[in-house]
2 protein chains.
Amino acid sequence: MEKMRFDDIDVRILGLLQDNGRMTNVELAERVGLTAPPCLRRVRALELQGAINGYHAALDPGALGYNLTVFAMVSLKSQAESDLRAFEALVATIPEVRECHMLNGEIDFILKIVAPDLQSFQQILTTKLTTAPNVEHVKTSLTIRTSKALPGVPVPEM
Amino acid sequence: MEKMRFDDIDVRILGLLQDNGRMTNVELAERVGLTAPPCLRRVRALELQGAINGYHAALDPGALGYNLTVFAMVSLKSQAESDLRAFEALVATIPEVRECHMLNGEIDFILKIVAPDLQSFQQILTTKLTTAPNVEHVKTSLTIRTSKALPGVPVPEM
DNA sequence: GTTGAAATTTACCCCAT
DNA sequence: ATGGGGTAAATTTCAAC
């Protein structure tokens, strides 16, 4: 993977596709001031470089029955690298865990977990997380409501 | 907005588009066992109903210079609804705050914040968050690494 | 850029209920 | 009559040259 160096047009392409991942290449090209073919070449290059990792529809979680979002703050007994990796490997196998971030400070990991309801969540928590080896403490907080959920990162408007 | 009732085909469409938001409608139609036109009608209906909220390219944050992800746990002095709304309105104006979830328990909000570096983050934190009215306490944790970051929710395979 | 191939979109028809 | 799927044709987009 090569070093990524982007000019202004690349940045605008990234911003536009983050905002609307289904924008047609023709519209994208117009917006950034190119004709379609070079614009598409840039998009493909950005994908190959890994600047664009994929495209995803943003679903309403409730539409698929996931009415509960929970944040779990996990502390481990051992923070040896192999133990950290083992925990990450564990959460990778739990589909309801959508995100796993390793943090500094007393809390080792924060997980974002979705579940249909409180019962399902408690089931996942007690059978898969709190009983896992090396897990010292799990503190969970239910999401009451989400007021902001933007994708990715801010993009400079130009 | 009407009540959402989905059959198996709708669920499969949602799952496939969450996984690949740029899948062509003809491929999508093949995968779910329809021809293109009725498939597209279903997609448009799902968009209108709000089951699909949008499509986004997943960018590598580092590509745009955002090398730091931070979680901020915020406690307010007053949890009156108007004060909660006021805080949500404040964070809505800060582009680096990508997510804002209201939680139960002592922590009122968890924010996901991105920044180019620690200096920029401290600047945002001290000028926009900790000094805001009604903010009692902000505890921040830096992300060391992110081992899992899946979009949306699990989708039943069929 | 240009052009052939492919995808999208609209309109219309059919079938089932 | 209504709703969902299929067929066909026009337009747009894609991708190779």
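Throughout, protein chains are lettered first and strands after them, A, B, ... in sequence-line order, and every chain is numbered starting at 1. Just so we're clear, the structure is a prediction, and the values are computed from it rather than from any experiment.
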Taking only N and O in the side chain of B/T35, is any of them less than 4.0 Å away from OP1 or OP2 of D/dG5?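 B/T35 to D/dG5 OP1/OP2: no side-chain N or O under 4.0 Å.
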task: Compare side-chain N and O positions of B/R42 against OP1 and OP2 of D/dG5 and report whether any pair is under 4.0 Å apart.
output: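 True: B/R42 side-chain N/O within range (under 4.0 Å) of D/dG5 OP1/OP2.
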Nucleotide nearest [X] when distance is taken to its side chain, options [options]:
X: A/R44; options: C/dA11, D/dA15, C/dT8; answer: D/dA15
X: A/P37; options: C/dA11, D/dC14, C/dG1; answer: C/dG1
X: A/R22; options: C/dT8, D/dG5, C/dT9; answer: C/dT8

Check your understanding: Strictly by modelled atom types, are A/H101 and B/T143 linked by a side-chain donor-acceptor pair under 3.5 Å?
Key ->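 B/T143 and A/H101 do not have a side-chain donor-acceptor pair below 3.5 Å.
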Just wondering, do B/L68 and B/V114 contact through their side chains at under 4.5 Å, heavy atoms?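 A side-chain contact under 4.5 Å is absent here.
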Rounding to an integer number of Å, can you tell me how far [X] [atom1] sits from [N] [atom2]?
X: B/E27; N: C/dA6; atom1: CD; atom2: C1'; answer: 13 Å
X: B/F6; N: D/dG4; atom1: CZ; atom2: P; answer: 13 Å
X: B/L28; N: C/dT8; atom1: CG; atom2: P; answer: 9 Å
X: B/I13; N: D/dG4; atom1: CD1; atom2: P; answer: 12 Å
X: B/L34; N: C/dT8; atom1: CG; atom2: P; answer: 14 Å
X: A/N25; N: C/dA5; atom1: CG; atom2: P; answer: 20 Å
X: B/N20; N: C/dA7; atom1: CG; atom2: P; answer: 14 Å
X: B/L40; N: C/dT8; atom1: CG; atom2: P; answer: 8 Å

Salt-bridged, [X] to [Y], with N to O below 4.0 Å?
X: A/R42; Y: A/D7; result: yes
X: B/R12; Y: B/E157; result: no
X: A/E96; Y: B/K148; result: no

Base of D/dG5, side chain of B/R41 - is there a donor-acceptor contact under 3.5 Å?
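Indeed there is one.
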